[in-house]
Student: 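First the structure, which I've put down as structure tokens, then a few questions once you've had a look.
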Amino acid sequence: MVAKLPFAASAEDRYEIKDASIENLVIRIGSRSKTFTLLARFGASPNPSRRPIGKFPTVSTAEARAIADHWNEQVRLGVDPAIEEARRRDEEVLRRRSTFASVMEDYIA
């Protein structure tokens, strides 16, 4: 169904369609892309904001729903999914840099 949705005529004409399964998951249709987005109150913010999940067709509807479920669970636990993802990426970079060769390069420099 997402593939059949027409692109917006211009950037100002973009529109959103809510998912039938997850109430705060929307697909945002612009003039050049279709992006799955989660609308929620993240962290301590009193106002809801949009967080992109991924662009269609790179991210399928089923994948977007799975990610939205996971993010909604994190929000319920008081965790901001974007901050958690950034922390996870930082840990991965640190893990990759913690090889003997990289430690020696840092020491020599």
Side-chain angles (χ1 to χ4, degrees):
M1 180 181 154
V2 175
K4 294 178 183 178
L5 293 171
F7 286 104
S10 68
E12 294 81 32
D13 295 330
R14 71 176 172 230
Y15 60 99
E16 294 180 348
I17 296 178
K18 290 186 175 189
D19 184 65
S21 300
I22 300 174
E23 68 179 36
N24 61 341
L25 175 64
V26 297
I27 182 146
R28 195 171 216 195
I29 315 276
S31 59
R32 295 181 291 168
S33 66
K34 300 173 183 180
T35 306
F36 290 104
T37 309
L38 189 73
L39 180 63
R41 287 186 173 91
F42 297 98
S45 174
N47 301 317
S49 62
R50 291 177 180 85
R51 296 278 171 89
I53 291 175
K55 293 186 185 278
F56 179 84
T58 305
V59 174
S60 70
T61 303
E63 290 170 326
R65 285 176 177 158
I67 292 168
D69 275 338
H70 178 67
W71 284 11
N72 279 328
E73 183 59 30
Q74 287 184 314
V75 168
R76 275 191 283 282
L77 296 173
V79 177
D80 186 329
I83 293 171
E84 184 65 23
E85 180 65 23
R87 186 191 60 75
R88 190 192 60 74
R89 274 194 309 266
D90 291 345
E91 285 177 357
E92 181 64 21
V93 167
L94 182 61
R95 187 188 67 76
R96 287 183 185 169
R97 283 194 37 85
S98 294
T99 64
F100 181 75
S102 68
V103 170
M104 287 306 297
E105 286 174 11
D106 290 345
Y107 176 75
I108 292 170

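These numbers come from the heavy atoms of this one structure, side chains and all, not from hydrogens, waters or symmetry mates.
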Student: Kindly indicate, with the supporting measurements, whether the criterion side chain to side chain contact (heavy atoms under 4.5 Å, CB included) is fulfilled by Arg51 and Asp80.
Tutor: CA-CA 10 Å; Arg51 296 278 171 89; Asp80 186 329; 2.6 Å; yes

Student: Taking all heavy atoms of Phe36 and all of Ala64, pick out the closest pair and write down the distance.
Tutor: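 Closest approach of Phe36 to Ala64: CG-CB, 3.5 Å.
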
Student: Apply the test side chain to side chain contact (heavy atoms under 4.5 Å, CB included) to residues Leu38 and Asn72: give CA-CA distance (whole Å), side-chain angles for both, the deciding distance (0.1 Å), then the verdict.
Tutor: CA-CA 9 Å; Leu38 189 73; Asn72 279 328; 3.9 Å; yes

Student: Tell me whether the count of non-hydrogen atoms from other residues, nucleotides or ligands lying under 6.0 Å of CZ in Arg32 goes above 12.
Tutor: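 No, not enclosed.
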
Student: Between CD of Glu16 and OG1 of Thr37, what distance do you get to the nearest 0.5 Å?
Tutor: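 Glu16 CD to Thr37 OG1: 6.5 Å, rounded to 0.5 Å.
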
Student: Establish whether Val26 and Val59 are linked, either directly or via other cluster members, by ILVMFWY side-chain heavy-atom contacts under 4.5 Å.
Tutor: no

Student: Which pairs pass salt bridge (Lys or Arg N to Asp or Glu O under 4.0 Å) with one or both residues in residues 5-15, sequence neighbours excluded?
Tutor: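 Output for this query is empty, none listed.
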
Student: Would you find a donor on one side and an acceptor on the other, under 3.5 Å apart, between the side chain of Arg50 and the backbone of Leu39?
Tutor: no

Student: Is there a path of hydrophobic side-chain contacts, each under 4.5 Å between heavy atoms of I/L/V/M/F/W/Y residues, joining Val79 to Ile83?
Tutor: no

Student: Rounded to the nearest 0.5 Å, what separation is found between the CD1 atom of Ile17 and the CE atom of Met1?
Tutor: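 So the gap between those two atoms works out to 5.5 Å.
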
Student: Quick one: does any side-chain atom of Lys34 pair with a main-chain N or O of Pro57 as donor and acceptor, under 3.5 Å?
Tutor: no

Student: Any chance you could lay out the side chain to side chain contact (heavy atoms under 4.5 Å, CB included) test for Trp71 and Ile53, step after step, and finish with the verdict?
Tutor: CA-CA 10 Å; Trp71 284 11; Ile53 291 175; 3.7 Å; yes

Student: Provide the closest heavy-atom pair for Thr58 versus Glu63 in the form atom of the first, atom of the second, distance.
Tutor: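 Here Thr58 and Glu63 meet closest at O-OE1, 3.7 Å.
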
Student: Provide the closest heavy-atom pair for Arg41 versus Val75 in the form atom of the first, atom of the second, distance.
Tutor: O-CG1, 3.6 Å

Student: Considering all heavy atoms of both residues, which atom of Leu25 and which atom of Ala68 are nearest to each other, and what is their separation?
Tutor: CD1-CB, 4.2 Å

Student: Restricting to salt bridge (Lys or Arg N to Asp or Glu O under 4.0 Å), what partner residues turn up for Glu85, sequence neighbours left out?
Tutor: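 Partners of Glu85 by the salt bridge (Lys or Arg N to Asp or Glu O under 4.0 Å) criterion, ordered by chain and then number, come out as Arg88, Arg89.
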
Student: Looking only at heavy atoms, what is the nearest atom pair of Ser10 and Ser31, with distance?
Tutor: C-CB, 3.8 Å

Student: Grab the two heavy atoms, one from Pro6 and one from Ile29, that are nearest each other, plus how far apart they are.
Tutor: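 Minimum heavy-atom contact is O-CG2, 3.3 Å.
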
Student: Evaluate the side-chain proximity of Glu73 to Asp69: yes if any heavy-atom separation is below 4.5 Å, no if none is.
Tutor: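 Heavy-atom side-chain distance check fails, nothing below 4.5 Å.
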
Student: Could you measure the distance from the CG atom of Asn24 to the NZ atom of Lys18? Nearest 0.5 Å is fine.
Tutor: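 Between Asn24 CG and Lys18 NZ, I get 9.0 Å after rounding to 0.5 Å.
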
